[in-house]
Amino acid sequence: MALVSEAVKADARRLAPPAAHRAERFLFETADLIAEIGQRETDLQALLEIRPHDKPEILRLVDSLKKKAMTLHGKAVQASQDIKDGQ
């Protein structure tokens with residue numbers, strides 16, 4: 001069994017493990033998407049307060065929110081799988 005040098009141990013403490021690195025990358029890649037989902041939610045809330053009978057616009061905003069959420073979900077599933085696979 002090979003002994004691990006102090007330099008290797010220090011590097012291991014300093015560097016993020018693969019799972020943490022992938023999670024950080026996921027957060028970086030999805031930050032804009034998360035902000036956009038928040039904006040769509042705000043837009044929808046404002047529309048419902050101002051024009052609750054505007055069915056086409058409500059549907060458009062809900063569909064947009066759904067698509068963004070599905071994209072985020074897909075990226076989260078992929079990130080989770082990458083972490084499990086050790087990538």
Side-chain angles (χ1 to χ4, degrees):
M1 181 165 158
L3 295 175
V4 178
S5 72
E6 289 304 314
V8 171
K9 289 178 187 177
D11 281 347
R13 282 195 283 297
R14 185 174 42 84
L15 300 173
H21 174 73
R22 181 62 183 114
E24 281 181 14
R25 199 167 112 211
F26 167 73
L27 289 175
F28 176 76
E29 290 173 353
T30 60
D32 291 341
L33 185 56
I34 292 169
E36 193 172 339
I37 288 171
Q39 183 59 52
R40 295 287 177 259
E41 179 186 13
T42 301
D43 293 348
L44 183 56
Q45 288 172 343
L47 178 67
L48 291 172
E49 289 176 12
I50 298 167
R51 298 188 326 249
H53 299 292
D54 191 349
K55 184 177 177 179
E57 186 63 14
I58 291 170
L59 185 58
R60 184 189 71 76
L61 285 172
V62 169
D63 281 345
S64 176
L65 185 61
K66 178 184 77 173
K67 288 176 187 174
K68 299 298 179 187
M70 288 172 61
T71 300
L72 180 61
H73 177 264
K75 289 185 180 208
V77 167
Q78 185 61 52
S80 177
Q81 193 61 49
D82 288 348
I83 290 168
K84 287 178 185 175
D85 293 344
Q87 297 178 358

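Any value given below was found using the heavy atoms of this structure, including those in side chains, with hydrogens, waters and symmetry copies removed.
The minimum heavy-atom distance between Ala19 and Ile83, with the atom names listed, is CB-CG2, 3.6 Å. The heavy-atom pair separating Asp82 from Arg22 by the smallest distance is OD2-NE, 3.2 Å.
Atom CG of Asp54 is separated from atom CG of Leu59 by 10.5 Å, given to the nearest 0.5 angstrom.
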Without placing hydrogens or testing angles, list every side-chain donor-acceptor pair under 3.5 Å for residues 36-49, not counting sequence neighbours.
residue	atom	partner	partner atom	Å
Glu36	OE2	Arg40	NH2	3.3
Glu36	OE2	Lys68	NZ	3.0
Gln39	NE2	Asp43	OD1	2.7
Arg40	NE	Ser64	OG	2.9
Thr42	OG1	Gly38	O	3.0

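Here Lys67 pairs with nothing under the side chain to side chain contact (heavy atoms under 4.5 Å, CB included) rule; sequence neighbours left out.
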